[in-house]
Each structure stands twice: as structure tokens, then as C-alpha cells.
Amino acid sequence: METYFKIRYEFDREEALRAIDRRLREPGSDYVCVADGVILNTANRHEDYLRVVNGGMFSVCDSSYVPLYIKWIYGVRREQYCGSEIFRDIVASRRYRMIFLGTQQPVLDSLRENLKKYNPEVEGMRFVELPFRPVEGFDYPAIARMIEEDGIEIVWIALGAPKQERFMAMLKPHLSRGVMIAVGAAFKFYSGVEAKRAPEWMVRHHLEFVHRLSQEPKKQFRRCFNILRTLPMLLFREWRAYKRNGGRGAYHVSAAR
């Protein structure tokens, strides 16, 4: 794992999947964050949320821009591993019993149908709508009982950032095993309802935010504005730390947990 902009990332796709598999063979529960620009921005403005993001196993990099920033500052190449990709990879592996929590029931119903082409076994898995309420208002012991009674290994959560990361941190103490992964919009992407992921050419040219702006202008404009107004200072602090540490970076490499 490597730490940039205060967030502990696992950039190696295969190692991320292996680490999840290893964790499932150990007692206790854990979680993985899918860190996009919103999470990066929020975590660097709120220390309590940063502790939540770094309180799990690691984050995968959902932003296509973070690898560019790392290249500019550190001169090393890293790759994006977005939430929709890790979601597809794990579902399609057909290795785990899963549950899908969050969003509205019509989205979940369409998601179940569309995921069958990747993994027919999802037909017998649970897709559960969570009520709209503050993150402190969920009955975490009851949710944990539902998960454990069904022998769940992977818990997928889609509540939107920063709520879904706080949800995982609050559910973790109630689970005796399993790995939670918060995937944000991936449920909508794979359900075919409402939002769809940008075309590949837009993703490749770092223009996915334009596509999302066109689909959810009010929500995404606010997010983009917050990211842009804090980005210059974020980049400057990372560059300054890198220079002060003799070109090695203050946050560069962290030990595996």
C-alpha cells in the first residue's frame, strides 16, 4: 500500500483482491473505501472523516486524476481502479456470498437482473433497500444479524459519500466476519436505471466528470466546485511535503497492515 494525500491506497488490482480474500479467512470484519475526488476532498478537510477512510483495510483509487497528480509530483505511474470495476471483478468471480445494501428497490431489482449475466448465483442473494435516515439512525445490530444469518462474505453498500464510509465504520464492530465495500454509483451503473457510466473514450481522457455533470448537474456541480476550490492547496501541500523529505515524499510508502 502507498499513502498519497493522506489516504492509504492499494493500486495493485490483483493485490487488492488477494487482500480481501485473505481478510475473509480471518476472524473479524473490515471494509474497503472507493476513494474518488469527493472522498479525497472531504477527507482532507475533515480529520474525523479521514480517520474513517483510513480505518479500513485500504482505499482503491476511483479518481482518474489522482494518478495524474502522483505522476506530476512523484514521477511514478499509478492506475485508477474504480468502484464499478472492483464491483464487477468480485461479482463475476463467483467466489463469495454477497448482499447488496442501499439505494431504492427499483434500482436493486434491476441490478439483480443485470448482474445475473456476470454471476447467476446472485438470484439467490439479498438486495435490501435501506431507509433514508442519518447515518447514526440505523439499527446496526439488526443489520449485522441479517448479514450473519445469511452467511454473507462481501457486503456491498451504496449510500453515497461520505455517508457510506461512515456507515461501514459504524457497522464494523457489530460484524464477526466479512468485508464491506462502498461502491457509490456502481449500483446505478449496473442496474441501467438513472445514471450510466461515461463512455470509455471519456474515461480514458479524464472527462468522466463532464458526463456525470450532464446527468446530475445540481449534485455534481456542487461536488466539482468543492473539489476545485481546495485542489490547489491540496497539491501544494503534497508537493511541499515531498520536497521537504528530500524527494522521497512524506506520505509515499506505508507498510501493509
Side-chain angles (χ1 to χ4, degrees), residues 1 3 5-10 16 19-62 83 86-87 90-91 96-105 107-108 111 125-188 219 223 226 254 257:
M1 281 182 291
T3 305
F5 306 102
K6 300 184 181 180
I7 293 178
R8 294 188 304 103
Y9 290 103
E10 179 55 73
I20 291 169
D21 193 63
R22 288 194 301 268
R23 188 66 183 89
L24 287 169
R25 294 196 294 269
E26 300 171 352
S29 67
D30 220 324
Y31 60 87
V32 172
C33 294
V34 176
D36 62 2
V38 174
I39 290 178
L40 175 68
N41 172 268
T42 308
N44 276 273
R45 290 189 294 115
H46 300 284
E47 285 292 329
D48 62 328
Y49 183 60
L50 178 63
R51 288 193 293 272
V52 167
V53 171
N54 284 337
M57 296 173 62
F58 50 78
S59 293
V60 295
C61 181
D62 192 53
I86 193 171
F87 182 70
I90 292 178
V91 170
Y96 309 111
R97 183 152 185 83
M98 300 170 287
I99 190 170
F100 304 79
L101 300 177
T103 194
Q104 295 80 33
Q105 198 60 49
V107 175
L108 293 170
L111 179 66
M125 298 181 192
R126 300 187 71 167
F127 291 70
V128 180
E129 179 179 359
L130 293 175
F132 182 76
R133 61 183 53 166
V135 72
E136 298 83 7
F138 290 101
D139 187 345
Y140 290 101
I143 294 171
R145 285 194 299 272
M146 174 183 65
I147 291 170
E148 298 197 337
E149 286 170 0
D150 204 16
I152 300 301
E153 297 165 290
I154 299 291
V155 181
W156 297 107
I157 299 162
L159 292 172
K163 185 177 183 178
Q164 60 194 10
E165 290 74 35
R166 297 187 188 278
F167 179 94
M168 292 192 296
M170 296 180 77
L171 181 57
K172 178 179 175 179
H174 300 282
L175 291 174
S176 61
R177 70 183 302 264
V179 172
M180 298 170 278
I181 310 175
V183 288
F187 281 21
K188 291 183 178 180
K219 174 182 176 181
R223 289 183 166 187
N226 286 330
S254 60
R257 298 174 72 226

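These figures come from a predicted structure and were not determined experimentally. For reference, positions follow the sequence shown, starting with 1.
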Can you check whether [X] reaches [Y] side chain to side chain, under 4.5 Å on heavy atoms?
{"X": "Met1", "Y": "Tyr9", "answer": "no"}
{"X": "Ile7", "Y": "Leu50", "answer": "yes"}
{"X": "Ser176", "Y": "Glu148", "answer": "yes"}
{"X": "Ser59", "Y": "Val53", "answer": "yes"}
{"X": "Arg126", "Y": "Met146", "answer": "yes"}
{"X": "Ile181", "Y": "Val155", "answer": "no"}
{"X": "Arg133", "Y": "Phe138", "answer": "yes"}
{"X": "Tyr96", "Y": "Val179", "answer": "no"}

Keeping the roles fixed (side chain from [X], backbone from [Y]), state whether a donor-acceptor pair exists under 3.5 Å.
{"X": "Asn44", "Y": "Phe5", "result": "yes"}
{"X": "Asn41", "Y": "Gly37", "result": "no"}
{"X": "Asp150", "Y": "Ile152", "result": "no"}
{"X": "Glu153", "Y": "Gly178", "result": "no"}
{"X": "Arg23", "Y": "Ser29", "result": "yes"}
{"X": "Arg8", "Y": "Gly56", "result": "yes"}

Can you tell me how far [atom2] of [Y] sits from [atom1] of [X], rounded to the nearest 0.5 angstrom?
{"X": "Leu175", "Y": "Leu171", "atom1": "CG", "atom2": "CG", "answer": "4.0 Å"}
{"X": "Ile143", "Y": "Leu101", "atom1": "CD1", "atom2": "CG", "answer": "7.0 Å"}
{"X": "Cys33", "Y": "Ile157", "atom1": "SG", "atom2": "CD1", "answer": "10.0 Å"}
{"X": "Leu130", "Y": "Gln105", "atom1": "CG", "atom2": "CD", "answer": "10.0 Å"}
{"X": "Arg97", "Y": "Ile147", "atom1": "CZ", "atom2": "CD1", "answer": "12.5 Å"}

Please work out whether the ring planes of Phe100 and Trp156 are parallel, tilted or perpendicular, with thresholds of 30° and 60°.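 Plane angle under 30°, so parallel.
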Using 30° and 60° as the class limits, which term best fits the ring planes of Tyr140 and Phe167: parallel, tilted or perpendicular?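 Correct class here is tilted.
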Asp30/Arg22 salt bridge by N-O under 4.0 Å criterion: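 Judged by the 4.0 Å cut-off on N to carboxylate O distance, Arg22 and Asp30 do not form a salt bridge.
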I need the minimum non-hydrogen distance between [X] and [Y], along with the two atoms involved.
{"X": "Gly102", "Y": "Leu159", "answer": "CA-CD2, 4.1 Å"}
{"X": "Leu24", "Y": "Arg177", "answer": "O-NH2, 3.1 Å"}
{"X": "Glu165", "Y": "Val52", "answer": "O-CG1, 3.4 Å"}

Please tell me whether Thr103 and Glu129 have a donor and an acceptor in their side chains that are separated by less than 3.5 angstrom.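 Short answer, no.
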